[in-house]
There are 2 protein chains.
Amino acid sequence: MNLRELSTQLGLSQTTVSRALNGFPEVSEETRARVRAAAELHGYRPSAAARRLATGQSGTIGLVFPGERHMLSDLLLTEFLGGCVSKASELSYDITLAMAHGSQSEEAVYRRAVRNARVDAMILSSPLISDPRPALLRQLGMPFIVHGRTQSSEPYGFLDIDNEGAFFSAAKLLADLGHRRVALLNGERHYNFAADRERGFRRALEGRGIITNDPFISAAPMVEQTGLVQAQRLIGLPVSQRPTAFLCSSIGLAIGVKRACAAHGLQIGRDIALIAHDDRIHDMGAETFDPPLTATQSSIGDAGRRLVELCVAMLRQPDNPLPSEVWPADLIVRQSTMAAPGV
Amino acid sequence: MNLRELSTQLGLSQTTVSRALNGFPEVSEETRARVRAAAELHGYRPSAAARRLATGQSGTIGLVFPGERHMLSDLLLTEFLGGCVSKASELSYDITLAMAHGSQSEEAVYRRAVRNARVDAMILSSPLISDPRPALLRQLGMPFIVHGRTQSSEPYGFLDIDNEGAFFSAAKLLADLGHRRVALLNGERHYNFAADRERGFRRALEGRGIITNDPFISAAPMVEQTGLVQAQRLIGLPVSQRPTAFLCSSIGLAIGVKRACAAHGLQIGRDIALIAHDDRIHDMGAETFDPPLTATQSSIGDAGRRLVELCVAMLRQPDNPLPSEVWPADLIVRQSTMAAPGV
DNA sequence: TTTTATTTCCAAAGCGCTTTGAATGATTTT
DNA sequence: AAAATCATTCAAAGCGCTTTGGAAATAAAA
C-alpha cells in the first residue's frame, strides 16, 4: 500500500495525505483524522527509500568503528553503542557503522561516508587533544557531534563529562584523607579526556606538597592488565615511597590494581585507597566491587542516548546554536577509601 | 554531478552511462572506458537514495543488538561486529543496528525492521536451540542468515563452527591424558552452541567410565565471575572427588578458573588441566595466557566477515542453494594440559 | 453585494537512478 | 541485393515520496 493507492482510496490527493500524515498545519483536523484512520487500517508505511530520495535525508546516523582496539575499550564501546542504538530506535533513526579497512586511512572512511551520503550526521567518539576530524567533517559539510571535546578553534557541538572536575574532586578527597603519595592510572595521553583528568588531578594535589611525579602517573590502555602491571611496579617500591592511594580512569584498571594489591597482601580500603571512574558498564558497577568502590560516575550509555538526541535535534533545527553539554561526574564515596596510614 | 549531467556531458543517454558504469555487457568497451574516465574525472558518485528507490535494495544488512547482556558477551559482540562491518565496507554494504527498546519485544524489533524495509537482509546471532526468529523472518519474507544453528524443520542459511567436534576433541584429549574427573564450564543451556558442546563433551567421555555428572557441568554466562565461582565450588570438593581438568566455553571462564586455582595454590598445567574455546578475541589470545592455553579455536571476527559475504551472495544470487558452512575449530595443544596426577 | 483573507485541497514537478522495449546502424547470411 | 542477425544505443516509464505554486471554497471585511 503506497501513498497513491491510499490517496485514491480516500478520494484525496497525495499532497493532502502526505501532509496530513506528517503533521502539516494546512490540513483540517477532520481530514487528518480520516487519513490517519485509513493509513492505520491499511497498514500503510511510507517507503524509507522514496522519502530519502525526496528529502535528501537518510534518517541515519553514522559511527566510525575504532580501527585500533582499546581506543575505546571494547566494553565501553558496546555500552555506548547500546545507548546510541536504543535512542535512535526511539526516534526512528538508524545507526550505521563504518570502519577503516585494509590500508585505508581513517580519513578515507570519513570521506567515503560523506561522499556516499548515506548518513545525515556522524558521531565522533574518543577525540584526541588535537583531532583532525572536526575540521575534516566541517570542510566536507557533514554535520557531526563529538562525544568529548578537543582542542579546536572552530566551533562544534559536543557532549562531554566534566573529567577535570571529577578527577579534581577525587584527588582532593584523597588529599583531605591525608594521602601524600597518590598514583594516577590514566588513559593514553593523546586523548583529551585523559589530559583533562590529569589536569584535575594535578590541580587538586599540587601546592599541597603532594607528589605528582611522573613515576606516579601512567598513561596506557585502560585495561586490567595495565592496572596490574602499573600497580605492581608502584607497590614494589619501598614502603615509605610507594603510593598509599590510587586513582584510576576505569574500573578495569581498578580490577588490576586490586589484583596487584592482593598479591602483596594489601587490602583495598584498609591498606590502599582506591578511586576509579565508573562508566556504568553493565555488570561492572563500582558498587559491586569488593570492597564497594569510591568512584566518580557517569553513564556512558546515557551519553550515547543523549548524543543521538542532540544529533537529531541538530538535524531538525540546523539554526539552533550548537549543543555543548558538560555532565558532572559525581563522586560517590564508598568503602575503598580511608584515611592515609598514620594519619 | 548526477547521472543526467554526466550523460549530457558525454553526449550519451542515461541508460548507456548507467549500464557502462554497472558493467552490463551490451555496451562497447570503448564507450565504457570513456564513461568511466568521465565519471572519474567529475567525481561522479551515484546517489544511494535514488538507487535504493529504483532497485528496492537498500545496500544494508541489519543486526539486532542483543537486548539482554551477556547474551552474546560484550567482547564477543565487538569482535563479531568488527568483522561484519569490515567486510561490509569492502562490499560497500552498510551495517545497521537495531535494538529492542523499552517494553518492545524482540519480535517487534524484527517486525519493525521488516516493515520499514530499511535492510535487505538480517544476520541472526546467538540462536537458541528452539529459536522463533527463523520462522518469523521467513514468514515476513526477510532474507537472513544465522550465525550458528538451531533446531528447525525449515531450511535456512547458516555459518557455524563445529562445536560438538571441537569439544569432543578437547574432552577426548583430556581423557587420553588420563583424567577421570573432568568439569565442563559451558554457556547457558538454551543456546544451541552450548548444547552442541555438551554433546561433544559427553560423547567423548561417556562409555569410558568418566564422570560427567551434573555437578561437573555448569551452564551459565560465560564471564570470568562464573568461572571463578564454579571453579571454587569444584575445587572445594575433597581432593579425591574434585575435577583434575576443566573444559571452558570461553577464555573469560578460563581466567576465572585460573584465579580460583591460584587461590588454592593450584597451578594450571601442573595440578589442573585446562582447555578453553578461544574465539580469538583481540588481546585475549589463548597463547598469551599464563601458561599458554590449550584451546579449540575459531575466529569470531572472521565468522562475522564471512557471514556478511554469504549474506551478500544470497542477495545477489537468490536462486543459489542456501549457504551452510561449518567451520572446524582446531584443537591447539599448549602448556595448560598435562597427564592426570598419578598417571 | 463585492472585495479581501483564510482555510483547505490539488496538479504537477521533481529527487536520481534502473530497466523495459524499441530503434539505429553495422555485419552476415541467403 | 535483400533479408536476417548482431551489437550498440536510446527514449521513456517507473520507483514512492515531498514540495511548489496555485485553485477552489469558505469566512471576514468593506
Side-chain angles (χ1 to χ4, degrees), chain A residues 1-36 38-39 42-60 92-94 114-120 315-316 318, chain B residues 1-36 38-39 42-60 92-94 114-120 315-316 318:
Chain A
M1 168 67 69
N2 61 18
L3 188 62
R4 187 177 43 225
E5 283 171 42
L6 184 63
S7 54
T8 55
Q9 276 275 338
L10 281 160
L12 289 170
S13 74
Q14 294 190 40
T15 314
T16 305
V17 176
S18 170
R19 288 186 160 156
L21 257 20
N22 293 329
F24 280 62
E26 61 270 66
V27 47
S28 73
E29 280 312 315
E30 187 206 326
T31 49
R32 192 192 303 282
R34 243 182 79 221
V35 170
R36 283 221 179 104
H42 296 93
Y44 166 73
R45 296 288 144 187
S47 141
R51 178 177 301 200
R52 283 178 195 202
L53 180 56
T55 61
Q57 296 271 306
S58 67
T60 300
S92 51
Y93 265 73
D94 284 339
V114 170
R115 254 192 0 216
N116 294 6
R118 283 162 148 172
V119 300
D120 295 336
L315 292 171
R316 298 219 231 260
Chain B
M1 168 66 70
N2 60 19
L3 188 62
R4 188 177 42 227
E5 284 170 39
L6 184 63
S7 55
T8 55
Q9 276 274 339
L10 282 160
L12 288 171
S13 74
Q14 293 190 39
T15 314
T16 305
V17 176
S18 170
R19 289 188 160 156
L21 256 21
N22 292 330
F24 280 62
E26 60 270 66
V27 48
S28 73
E29 281 311 317
E30 187 206 327
T31 49
R32 191 192 304 282
R34 243 182 80 220
V35 170
R36 283 220 178 105
H42 296 93
Y44 166 74
R45 296 288 143 185
S47 142
R51 182 180 302 211
R52 284 178 194 202
L53 180 56
T55 61
Q57 296 271 307
S58 67
T60 300
S92 52
Y93 265 74
D94 284 338
V114 170
R115 255 194 358 217
N116 294 5
R118 283 162 147 171
V119 299
D120 296 336
L315 291 171
R316 298 219 231 259

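Protein chains get the first letters and strands the later ones, always in sequence-line order, with residue 1 at the start of each. Just so it is clear, the values below take in all heavy atoms, side chains as well, and ignore hydrogens, waters and symmetry mates. All of these numbers come straight from a predicted model, not from anything done at the bench.
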Is there any protein nitrogen or oxygen under 3.5 Å from a nitrogen or oxygen in nucleotides 23-25 of chain C, and what are the pairs?
none

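- Dashed line: the shortest gap from a side-chain N or O of B:S28 to OP1 or OP2 of D:dT9 is under 4.0 Å.
- The separation between B:L12 atom CG and D:dA11 atom P is 10 Å, rounded to whole Å.
- B:T16 OG1 to B:L10 CG: the interatomic distance, rounded to the nearest 0.5 Å, is 10.0 Å.
- In this structure, the separation between CG on B:L3 and OG1 on B:T15 is 8.5 Å, given to the nearest 0.5 Å.
- Counting all heavy atoms, side chain and backbone alike, B:Y44 lies closest to B:L21 at CE2-CD2, 3.7 Å.
- Each end of the helix from C:dT1-D:dA30 to C:dT30-D:dA1 gets its own rotation axis from five pairs of C1' atoms, and the angle between them is 50° to the nearest 10 degrees.
- In this structure, A:R19 places its CZ atom 13 Å from P of C:dA11, rounding to the nearest Å.
- Rounded to the nearest 0.5 angstrom, A:H42 NE2 and A:E5 CD are separated by 9.5 Å.
- The CG atom of B:L53 sits 11.5 Å away from the CZ atom of A:R52 when rounded to the nearest 0.5 Å.
- In this model, the phosphate group of C:dC10 is approached by a side-chain N or O of A:T16 to a distance below 4.0 Å at OP1 or OP2.
- Of the listed residues (A:N22, A:T8, A:L6), just one forms a side chain to side chain contact (heavy atoms under 4.5 Å, CB included) with A:V17, and that residue is A:L6.
- A straight line from CD of A:E26 to C1' of C:dA5 spans 16 Å, rounded to a whole angstrom.
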Checking B:T31 against B:S28 for the side chain to side chain donor-acceptor pair (under 3.5 Å) test, could you report, in this order, the C-alpha distance in whole Å, the side-chain angles of both residues, the deciding distance, and whether it holds? CA-CA 6 Å; B:T31 49; B:S28 73; 2.9 Å; yes

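- Rounded to whole Å, the distance from CG on A:L10 to C1' on C:dC10 is 14 Å.
- How far CD of A:Q9 is from CZ of A:R4: 13.0 Å, rounded to the nearest 0.5 Å.
- Taking CD of B:Q57 as the start and OH of B:Y93 as the end, the distance is 5.5 Å to the nearest 0.5 Å.
- The closest donor-acceptor contact from the side chain of B:S18 to the backbone of B:Q14 lies at 3.5 Å or more, if one exists at all.
- Following rounding to the nearest Å, B:L21 (CG) and C:dT19 (P) show an atom-to-atom distance of 14 Å.
- A heavy-atom distance below 4.5 Å is not found between the side chains of A:R118 and A:S58.
- The side chain of B:T15 has D:dA11 as its nearest neighbour among D:dA11, C:dC9, D:dT9.
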Dump every N/O contact between nucleotides 13-17 of chain D and the protein below 3.5 Å, one line per pair.
unit_1 : atom_1 : unit_2 : atom_2 : d
D:dC17 : OP1    : A:Y44  : OH     : 2.8
D:dC17 : OP1    : A:S47  : N      : 3.3
D:dC17 : OP2    : A:L3   : N      : 2.3
D:dC17 : O5'    : A:Y44  : OH     : 3.4

